[in-house]
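Structure, as structure tokens:
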Amino acid sequence: EDQVTQSPEALRLQEGESSSLNCSYTVSGLRGLFWYRQDPGKGPEFLFTLYSAGEEKEKERLKATLTKKESFLHITAPKPEDSATYLCAVRPLWPGNTGKLIFGQGTTLQVKP
Amino acid sequence: GAVVSQHPSRVICKSGTSVKIECRSLDFQATTMFWYRQFPKQSLMLMATSNEGSKATYEQGVEKDKFLINHASLTLSTLTVTSAHPEDSSFYICSANPRTGNTGELFFGEGSRLTVL
């Protein structure tokens with residue numbers, strides 16, 4: 001069964017304290033791994049797509065990496081405005097004719113000034 | 001990035017009534033849209049895939065007679081919660097992929113908070 005597990009469930013950081021969020025996945029085949037940011041009461045906002053092991057992508061203070069079993073979202077010197085829930089999702093190879101995503105439970109990040 | 005719009009953002013209704021939620025792709029055409037449901041402090045669960053010009057595909061356990069989906073055009077999909085009950089109260093989010101095929105990211109709407117009294 002295709003599955004996505006994120007850890008930790010919640011993370012509290014001081015402003016400037018770097019850390020990483022983990023996303024472990026089990027899929028029959030990976031068509032893509034996605035990171036989203038979700039603010040309370042809002043829809044997910046797209047951050048990154050990773051397609052193959054070894055791939056890395058960066059955007060401001062965020063950097064996403066991918067291995068064959070997991071992905072990390074590294075947050076460097078976070079600011080309070082980075083506080084949000086970060087969702088990881090995978091698009092499995094099968095079924096092949098849909099674009100649906102399987103989401104993890106999310107990591108809720110709180111950055112204190 | 002691509003913009004997906006949902007309306008209404010919040011709706012409160014009485015038990016037994018029906019509620020319609022709209023999802024529009026504003027700057028691209030989407031032959032396929034997806035409807036997700038999210039309970040508090042939980043992740044998104046796919047309910048159904050909305051296909052333009054054909055019937056929606058529902059995930060296992062989702063009642064198709066209760067959650068009616070109509071993909072009226074290449075830019076509009078609607079979700080109607082029929083005979084709503086308090087347990088249907090949830091955050092409903094639609095998404096669409098501006099690219100054809102199965103590549104690329106899904107862009108999400110702002111979500112619609114349904115409260116059934």
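To find a chain, count down the sequence lines: A is the first, B the second, and so on, and within it residues start at 1.
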Note to self: Please classify the contact of A:E45 with chain B as side chain, backbone, both or neither, using a heavy-atom distance under 4.5 Å.
What the structure shows: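 Neither part, no heavy atoms under 4.5 Å.
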
Next item on the list: Identify which part of A:Y36 has an atom lying under 4.5 Å from any heavy atom of chain B, answering side chain, backbone, both or neither.
Entry: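 For A:Y36, the side chain is the part near chain B, not the backbone.
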
Notebook entry, point to check: Which members of residues 76-83 of chain A, sorted by number, sit under 4.5 angstrom from chain B on a heavy-atom basis?
Noted result: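 So far as heavy atoms go, nothing in residues 76-83 of chain A approaches chain B to under 4.5 Å.
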
Checklist line | N-O pairing of A:E56 and A:K63 below 4.0 Å | finding: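 Between A:K63 and A:E56 there is a salt bridge, with a charged N closer than 4.0 Å to a carboxylate O.
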
Next item on the list: Tell me, yes or no, whether the heavy-atom count around B:E87 atom CD, taken from other residues, nucleotides or ligands under 6.0 Å, exceeds 12.
Entry: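 Yes, enclosed.
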
Notebook entry, point to check: In terms of heavy-atom contacts, does CZ of A:R61 have more than 12 from other residues, nucleotides or ligands at under 6.0 Å?
Noted result: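 Counting neighbours around CZ of A:R61, more than 12 heavy atoms of other residues, nucleotides or ligands fall under 6.0 Å, so yes.
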
Check: Please walk me through it: do A:Q38 and B:Q38 pass side chain to side chain donor-acceptor pair (under 3.5 Å)?
Finding: CA-CA 12 Å; A:Q38 186 176 27; B:Q38 187 176 33; 2.9 Å; yes

Checklist line | A:F72 and A:H74 aromatic ring geometry - parallel, tilted or perpendicular at 30°/60° bounds | finding: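 Correct class here is parallel.
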
Note to self: Strictly distance-based, threshold 3.5 Å: is any side-chain N or O of A:Y25 a donor or acceptor partner for the main-chain N or O of A:K68?
What the structure shows: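 Yes, because the side chain of A:Y25 sits within donor-acceptor range (under 3.5 Å) of the backbone of A:K68.
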
Checklist line | Residues of residues 53-78 of chain B with any heavy atom under 4.5 Å of a heavy atom in chain A | finding: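 Under the 4.5 Å heavy-atom cut-off, B:E59 qualify.
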
Next item on the list: Test side chain to side chain donor-acceptor pair (under 3.5 Å) on A:N22 and A:S20 and set out the steps.
Entry: CA-CA 7 Å; A:N22 177 263; A:S20 296; over 6 Å; no

Notebook entry, point to check: Any idea which of A:Q6, A:Q105, A:E9 has the most non-hydrogen atom pairs under 4.5 angstrom with chain B?
Noted result: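 Between A:Q6, A:Q105, A:E9, the count favours A:Q105.
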
Check: Going from NZ on B:K20 to SG on B:C13, what distance comes out if it is rounded to the nearest 0.5 angstrom?
Finding: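 Between atom NZ of B:K20 and atom SG of B:C13 there are 14.5 Å.
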
Next item on the list: Report yes or no: do B:T80 and B:S18 form a side-chain donor-acceptor pair below 3.5 Å?
Entry: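 B:S18 and B:T80 do not have a side-chain donor-acceptor pair below 3.5 Å.
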
Check: Which region of B:I93, side chain (C-beta onward) or backbone (N, CA, C, O), has a non-hydrogen atom less than 4.5 Å from a non-hydrogen atom of chain A, or is it both or neither?
Finding: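 Side chain only.
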
Next item on the list: Search all heavy atoms of A:S19 against all heavy atoms of A:L11 and return the closest pair with its distance.
Entry: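 Of all heavy-atom pairs spanning A:S19 and A:L11, the closest is OG-CD2, 3.7 Å.
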
Next item on the list: Starting from the C-alpha separation in whole Å, work towards a yes-or-no answer on side chain to side chain donor-acceptor pair (under 3.5 Å) for B:W35 and B:S50.
Entry: CA-CA 7 Å; B:W35 286 96; B:S50 174; 4.7 Å; no

